[in-house]
Trainee: 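Got a structure for you, questions after.
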Amino acid sequence: MKEAFQYQSRKIYSLVRGTIGTVKAEAIVLVFCFMFLFQYIAIAQTSNSGIAGSEGNNNKLWYQEPAANWMEALPIGNGKLGAMVFGDVEQEKLQLNEESVWAGPPIPENRVGAYKSVEKARELIFQGDYAEANKLVQDDVMGPRIAPRSYQTLGDLILNFELKGTPSNYRRELDINNAIAKTSFTADGVNYTREYFSSAIDDAIVVVLTADKPKSISLELEMQRKADFEVANIGKNRLKMWGQVSQKGKHLGVKYETQIMALPKGGGVKSGNGTLSISKANSVVLIISAATDYNAASPFSPLTQNLSTVCATKLKKAAKRSLKKLKEDHIADYQKFFNRVAIDLGEIKGEERPTNERLEAVAKGADDPGLMALYFQYGRYLLISSSRPGSLPANLQGIWNDHLAAPWNSDYHTNINMQMNYWPAEVTNLSECHEPFFDFIESLVPAGKKTAKEVYNSDGFVVHHTTDVWHWTSPIGKVQYGMWPMGGAWCTRHFMEHYNFNGDTAFLKDHAYPIMKESAKFLLDWLTKDPRSGKLVSGPSTSPENKFYTPKDPEVFANLDMGNAMDQEIIWDNFTNVLEAAEILKIEDEFVERVKDALANLSLPKIGSDGRLMEWSQEFEEVDKGHRHLSHLYGLYPGNQFTENKTPYYIDAINRSIEHRLSNGGGHTGWSRAWIINFYARLGNSEKAYENIKALLAKSTANNLFDYHPPFQIDGNFGGTAGIAEMLMQSHETDQSGTTIINLLPALPSEWSTGSVSGLKARGGYEVDIAWSNGALESVSLVSKEAKVCKLRIGDEIIDVELTAGEKQSITEFK
Ligand code: FUC
């Protein structure tokens with residue numbers, strides 16, 4: 001009875017809160033409480049049911065009420081097929097996604113021959129005519145945005161249940177140990193359980209409805225979409241929904257189909273009028289599949305496969321296998337990735353409270369290391385669920401999106417967001433999940449070469465601030481965001497990192513070096529000698545999305561500069577990686593010589609008169625002092641140009657730059673906050689890193705632990721996960737001989753004084769387990785792919801450890 005009361009009052013609160021706001025919602029719930037109390041006294045019934053909490057498993061998100069809105073629903077996914085599960089008792093909704101459900105093309109066009117204006121703009125900037133340069137580039141170089149044209153929802157599966165009695169004992173959870181969402185409750189003396197998972201093995205979503213009394217499950221199923229759909233029954237137990245997506249009646253996109261098959265035990269199924277009705281079943285298994293005609297290899301030539309046949313084949317194949325097998329295979333497949341890393345950040349405070357209450361407590365100032373550990377593992381869960389070999393990369397929302405016109409089209413922004421999605425991939429031991437990123441960036445090369453040639457009259461390949469599944473690379477929209485030809489170069493660092501972590505020389509030779517070289521070819525042509533310094537500078541280019549007041553007219557702002565810090569750092573990074581790779585691959589040629597020369601003449605970021613690292617080549621007055629992009633600090637993270645040991649003179653300037661941004665309101669988007677965590681981890685500032693994780697949870701995290709830009713944007717989840725890893729272990733530094741130094745517990749906050757992490761990957765081909773207590777390192781275990789001497793940094797000490805290939809070695813003495 002107590003549980004029924006809690007369930008009803010929470011449900012009413014969450015429903016009305018969504019429509020009329022918190023205060024009125026509370027009033028309505030109060031009235032309901034009195035009514036319920038009255039009824040309760042009259043019935044005088046006692047209840048012994050209890051909420052079980054997280055059942056000793058910190059890897060669970062759990063709640064005591066159904067999702068009141070999309071940001072409370074729970075995500076499942078197999079890399080490409082996903083759903084948001086709402087968990088309502090009477091009307092369950094699964095909002096479905098398939099990664100390639102996109103409106104469009106057409107794609108933006110290159111402005112052929114724009115290089116002439118680019119050259120003029122360079123002159124103007126060197127003369128200090130920033131506003132004129134901005135205008136010229138805006139008029140002559142930028143193409144129009146073709147929007148909105150978006151990644152879209154696949155549609156909704158609605159389950160209308162016939163239930164008797166008031167539900168009680170309600171619980172909803174997502175267990176990220178096995179990637180299964182679950183809803184359970186009691187109604188009319190029957191205990192109901194519903195499970196949901198998206199299996200990569202069967203490429204299908206499976207829903208399992210059970211009850212502990214026979215003939216208790218009756219429901220009607222329907223499928224719907226906000227636009228562009230038809231629904232039909234197939235045979236006795238299947239439904240299909242299909243269509244061709246569009247946007248605002250334009251941008252005709254992919255053709256899609258989704259099918260659902262109902263497999264009840266006991267009872268019967270009726271099929272007709274676009275619905276399936278199941279009555280008095282003992283249990284029901286639902287299997288959902290989807291397909292589109294999107295062709296990732298060549299987006300303008302849609303696949304010609306019959307979508308109905310593809311969906312049906314998947315369903316029939318899965319239906320032939322027992323539920324036990326479907327579930328076991330799903331769990332084994334998922335755990336192959338997930339179980340590689342375990343984390344314990346110390347005393348788990350509040351795990352017996354629902355996830356939303358833990359978040360609320362953190363927002364009020366509580367410390368909950370267990371919630372941070374959960375957030376870390378959730379980031380890994382989201383990557384495994386949205387980015388698997390053969391899938392498209394995780395977009396701005398992973399794969400989860402209920403819009404037809406999503407914020408920023410849910411596309412691939414390459415001026416921070418897409419890269420941030422993959423920051424945790426290597427270090428948290430999910431290298432395979434990085435693969436879709438590589439495939440996608442490689443698929444941009446033909447378009448990127450065309451843009452380089454047509455727009456800039458350059459060799460090599462270029463990508464600007466954003467792109468999408470239609471593989472375009474042109475500069476579009478406003479110069480503030482669009483005139484930034486560094487997106488591709490930034491992405492190439494991921495290829496080198498994949499090699500650094502895994503030591504796969506074939507990948508270096510066949511993928512990393514060729515794409516880094518294509519990018520370097522563009523950069524070599526793009527760089528210009530700055531007549532003021534004689535150094536090579538990038539431009540005209542924006543420091544992503546930022547602006548400054550022009551020195552000539554302080555009322556006017558501009559975006560374009562020659563030699564902004566981020567561009568120079570990205571180019572430094574690309575050239576350094578090219579040279580490192582060339583050395584490993586023993587390549588010595590004219591191109592390598594050109595890169596060496598250019599690197600030696602590259603302009604490097606400067607420190608301003610106020611002691612900050614300068615974002616632009618000159619000391620401009622900033623328009624937005626707390627801007628969300630901290631682009632000029634790329635060299636600290638994700639880059640490794642600036643480190644305490646290698647470039648101590650930059651460290652104070654970097655600290656000042658971060659403080660300046662933060663004290664002016666920076667870090668207000670989830671991804672910006674997540675970036676700051678990584679900066680402070682690299683700076684070894686444990687308390688600031690911790691403070692910013694807390695802020696990420698308190699200010700930019702929804703009840704389902706999705707990151708808020710706002711709106712929902714998944715990059716902050718991934719950036720936060722990477723940041724936590726970076727606080728526990730770093731491996732971006734090498735000694736003079738080029739040997740990786742693994743830095744243990746470089747930014748361990750006092751709030752995590754005792755804990756452990758296992759399975760993190762370090763550059764150089766290592767797996768590392770670390771345990772600590774009372775703030776001090778207790779043990780470290782290492783496995784190396786090859787026999788070698790490994791270097792560990794523990795505080796100020798560096799120790800050498802000799803490792804045998806493939807054998808785990810543990811060290812507990814550090815003196
Ligand atoms: C970048 C950011 C925005 C947003 C967008 C998707 O351009 O500046 O804040 O995250 O990407």
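Quick caveat: nothing in here was measured; it's all calculated off a predicted structure. Numbering of residues begins at 1 and proceeds along the displayed sequence. One-based numbering, in listed order, for ligands and for the atoms of each. Only heavy atoms go into these numbers, but all of them, side chains included; no hydrogens, no water, no symmetry mates.
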Trainee: With a 4.0 Å heavy-atom cut-off (strictly under), which part of Tyr481 contacts ligand 1: side chain, backbone, both or neither?
Mentor: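 The answer is neither; Tyr481 stays 4.0 Å or more away.
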Trainee: Kindly indicate, with the supporting measurements, whether the criterion ring pair (Phe, Tyr, Trp, His ring centres under 6.0 Å) is fulfilled by Trp408 and His709.
Mentor: CA-CA 11 Å; Trp408 291 280; His709 182 285; 4.9 Å; yes
Trainee: Considering heavy atoms of the protein only, find what lies nearest to atom 7 (O) of ligand 1 and give residue, atom and distance to 0.1 Å.
Mentor: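 That would be Glu545 OE2, 2.3 Å.
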Trainee: Would you say the side-chain atoms of Ser198 pair up with the backbone N or O of Ile76, donor to acceptor, closer than 3.5 Å?
Mentor: no
Trainee: When you compare ligand 1 with Gln713, is there at least one nitrogen or oxygen pair between them that comes in under 3.5 angstrom?
Mentor: yes
Trainee: Any N/O of Asn417 closer than 3.5 Å to an N/O of ligand 1?
Mentor: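 By distance alone, the answer is yes.
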Trainee: Centre of Tyr256's six-membered ring, under 6.0 Å away, within 45 degrees of the axis: is that where NZ or CZ of Arg225 sits?
Mentor: yes
Trainee: Should the proximity of Thr669 to ligand 1, defined as any heavy atom under 4.0 Å, be assigned to the side chain, the backbone, both, or neither?
Mentor: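 It is neither; nothing of Thr669 touches ligand 1.
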Trainee: Side chain, backbone, both or neither: which part of Arg628 has a heavy atom under 4.0 Å from ligand 1?
Mentor: side chain
Trainee: Output yes when a side-chain donor or acceptor of Arg673 lies under 3.5 Å from a complementary backbone atom of Gly667, and no otherwise.
Mentor: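 Yes.
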Trainee: Of the options Trp470, Tyr422, Tyr412, which is the one that meets Phe440 in a ring-ring contact (aromatic ring centres under 6.0 Å, His included)?
Mentor: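 Testing each of Trp470, Tyr422, Tyr412 against Phe440, the sole residue satisfying ring-ring contact (aromatic ring centres under 6.0 Å, His included) is Tyr412.
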Trainee: Starting from atom 8 (O) of ligand 1, locate the nearest protein heavy atom and write down its residue, its atom name and how far away it is, to 0.1 Å.
Mentor: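 Scanning the protein heavy atoms, the shortest distance from atom 8 (O) of ligand 1 goes to His629 NE2, 2.6 Å.
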Trainee: Answer side chain, backbone, both or neither: which part of Ile416 comes under 4.0 Å from ligand 1, heavy atoms only.
Mentor: neither
Trainee: If we ignore hydrogens and angles and just use 3.5 Å, is the side chain of His627 paired with the main-chain N or O of His629 as donor and acceptor?
Mentor: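 Confirmed, His627 side chain pairs with His629 backbone.
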Trainee: Counting each atom of ligand 1 from 1 as listed, which ones have a heavy atom of Leu396 under 4.0 Å away?
Mentor: 6 (C)
Trainee: For Phe712, does its backbone N or O pair with a side-chain atom of Asp707 as donor and acceptor, under 3.5 Å?
Mentor: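 Here the side-chain-to-backbone pair does not exist.
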Trainee: For atom 3 (C) of ligand 1, what is the nearest protein heavy atom, given as residue, atom name and distance?
Mentor: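 Nearest neighbour among protein heavy atoms for atom 3 (C) of ligand 1, to 0.1 Å: His709 NE2, 3.5 Å.
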